[in-house]
Structures are given as structure tokens and as C-alpha cells.
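Below: one structure, written as C-alpha cells.
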Amino acid sequence: MTTPAPPTPHVPAPRSGDEPTRISRYRTFTRAVLTKCESDPGARSALRSGVRKDLDSVPRMHRVIAHLVPQNASEDTQRAYYAVAAMIAEQARRGGDAADAVDTAAMHEAAQAAEPAAAAKESDKERDYGTSLGTAFAMAVVRSPGHERTMRRGTAESRLNLLCKQGVTGLHRHLPASVRYLRSLNVPVDWARLLQDFTDWRRHSGRITRSWLQDFYRLLQEEERERRNVADAQASSPDAEG
């Protein structure tokens, strides 16, 4: 039986003339970090040294990204920028991470397709949030043909629920391992959306975890419907009767 390709997320770009959205600013930052990692192995090593460390334990990172972090940002915000930069550096492949940009765009299109038609009525501003970690975990379970490895649904649920229960400190402690696991399966991570959620975690963790879990289960349920439709179509085809 041919497995249908999983639905894939699209996030509309900010409209011309609009003020830059938060997510667009975060994308500017993450692109700058990716570019630095691709072009400067020393900078990548310095950023990678900050995985799971606090701001006072990463002296090598300041030279590379201090100028990219907003001035007068809160400690939570600064730590989010540094943590995401460190995870990008840990996962960036030698020779560039351009494939991630393509994969992330495809993942945007898939998740958007998985949403009900009512979602299309939302405004650009409401939908322009990037692809959540919940979608990434769902994509690790629901992989299109050609991907050799997948994550078990139970494993994905356990890891995602563990993250959803964390405070800020716990999220910094547990998130790198989950990101490492996702990337080991070649699942793209929307670094900008992750940075936005990380920055907002202390104040809005409830809203963020709700979004992660909703995205996770919506995509899995959409895939299950697609599988049932294919099975029903094949069972009722003339070839199946023979």
C-alpha cells in the first residue's frame, strides 16, 4: 500500500509595508546564526559550547552573538537567544544548513494542509507564527516515503509532554536533547518559532503548550484519516476484488 505523503505547513510572509513581525525578527537572528556557523567553524564551536548552560557560563558565545541580541532585553529573552543559537550550532551540518530551510518550508506547507478549512479564514497576522515544536514531533512520527527512520508515537508523546510540564529552567535543561533527537531523524526545527516560544515561556507557557499539543494531535489525526481513506479506496477498487 502506498503511504500518502504527510500534509505539509505554510506560513505567509509578512505583507509588504507592514511592520516586521516578531517572528520575522527572530528569523533574521536565526539566519544570521546559521550563516555564521556555515562560514566560521570557530564561531560554530563557540556557540555550540553554550548548550544547556546559563548566561554566566558562556563567555565564548558573547563575541559571536552579543551584537545580535536586543539591547536591554530581559534575562529570559537573552537566555532564549543564546540557547537557540547554541542548539543551531550543535545541529548545523558542515557545509551549510540550506537543506533545513527547504525542509522547514515544506513542513510549513504540510501542517497548514492538516488544519481544517476554518483556519484559512484567520488573518495573516494570526497565522504568521511559524511551525511549532508540536508539528515537528508529529512529523517525526508521520514521515513521508523515503525517510528510513521515524519516532514512535509513544516516544514523541512522552517527550513532548515532558517539555510541556517544564518551567523555564527545566525547558533549558530538556529541550536540547529533544531537538537533537528530532534532527537525528532529519526533522526540521523552526528555530525562529522555537525562539519566540522560548522567549514567551515564563508568561505564556500554558498557551504555548496548548498550541504544541494541538498541532501534534491535529497532524497525527489528519494522517490517520488519510490512511483510512487510502485503505477504503483500495478495498473498494476492482483490483482489490480480484
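Keep in mind the model is a prediction, meaning the values are calculated, not measured. Positions are given from 1, in the same order as the sequence printed here.
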Could you give the side-chain donor-acceptor pairs of residues 158-177 under 3.5 Å, partners two or more places apart or in another chain?
{"from": "Ser158", "atom 1": "OG", "to": "Gly154", "atom 2": "O", "distance (Å)": "2.9"}
{"from": "Asn161", "atom 1": "ND2", "to": "Glu157", "atom 2": "O", "distance (Å)": "2.8"}
{"from": "Gln166", "atom 1": "NE2", "to": "Leu162", "atom 2": "O", "distance (Å)": "3.0"}

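Atom CD of residue Gln214 and atom CD of residue Gln221 lie 10.5 Å apart, to the nearest 0.5 angstrom. Going from atom CG of Asp190 over to atom OG1 of Thr30 covers 7.5 Å, rounded to the nearest 0.5 Å. Here the straight-line distance linking atom OG1 of Thr21 with atom CD of Gln196 works out to 8.0 Å at 0.5 Å rounding. With values rounded to the nearest 0.5 angstrom, Leu182 atom CG is found 6.5 Å from Ser178 atom OG. A distance of 12.0 Å separates CZ in Phe137 from CG in Leu220, rounded to the nearest 0.5 Å. Rounded to the nearest 0.5 angstrom, Ile208 CD1 and Leu133 CG are separated by 11.0 Å.
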Verify side chain to side chain contact (heavy atoms under 4.5 Å, CB included) between Arg60 and Ser45, making sure each step is shown before the conclusion.
CA-CA 9 Å; Arg60 296 176 60 197; Ser45 176; 3.1 Å; yes

Does the pair Arg180 and Gln91 meet the rule for a side chain to side chain contact (heavy atoms under 4.5 Å, CB included), with working shown?
CA-CA 7 Å; Arg180 192 179 304 121; Gln91 300 306 320; 3.6 Å; yes

Verify side chain to side chain contact (heavy atoms under 4.5 Å, CB included) between Leu194 and Val179, making sure each step is shown before the conclusion.
CA-CA 10 Å; Leu194 189 61; Val179 168; 4.2 Å; yes

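The backbone N or O of Val187 lies less than 3.5 Å from a partner atom in the side chain of Arg183, making a donor-acceptor pair. Of the possible donor and acceptor atoms, one in the side chain of Thr35 sits under 3.5 Å from a partner among the backbone N and O of Arg31.
Here the side chains of Ser24 and Thr28 are not in contact, with every heavy-atom distance at 4.5 Å or above. A 4.5 Å side-chain heavy-atom check between Tyr81 and Val33 finds every atom pair outside the cut-off. Leu47 places none of its side-chain heavy atoms less than 4.5 Å from the side chain of Ile88.
Considering only residues two or more places apart in sequence or on other chains, Ala80 meets the side chain to side chain contact (heavy atoms under 4.5 Å, CB included) condition with Leu195, Phe198, Thr199. The side-chain hydrogen bond (donor to acceptor under 3.5 Å, both in side chains) search around Asp76 returns Arg202, not counting sequence neighbours. Considering only residues two or more places apart in sequence or on other chains, Arg203 meets the side-chain hydrogen bond (donor to acceptor under 3.5 Å, both in side chains) condition with Asp200. Listed by chain and residue number, nothing satisfies the side-chain hydrogen bond (donor to acceptor under 3.5 Å, both in side chains) test with Arg63 (two or more places apart in sequence, or in another chain). With sequence neighbours excluded, no residue forms a side-chain hydrogen bond (donor to acceptor under 3.5 Å, both in side chains) with Ser184.
Residues Arg193 and Asp197 are paired through a salt bridge, judged by an N-O separation under 4.0 Å between the basic side chain and the carboxylate.
Residue Val64 is grouped with residue Val58 when hydrophobic side chains (ILVMFWY) are merged at heavy-atom distances under 4.5 angstrom, including chains of intermediate members. Residues Trp212 and Trp191 share a single hydrophobic cluster, defined by chaining ILVMFWY side chains whose heavy atoms lie under 4.5 Å apart.
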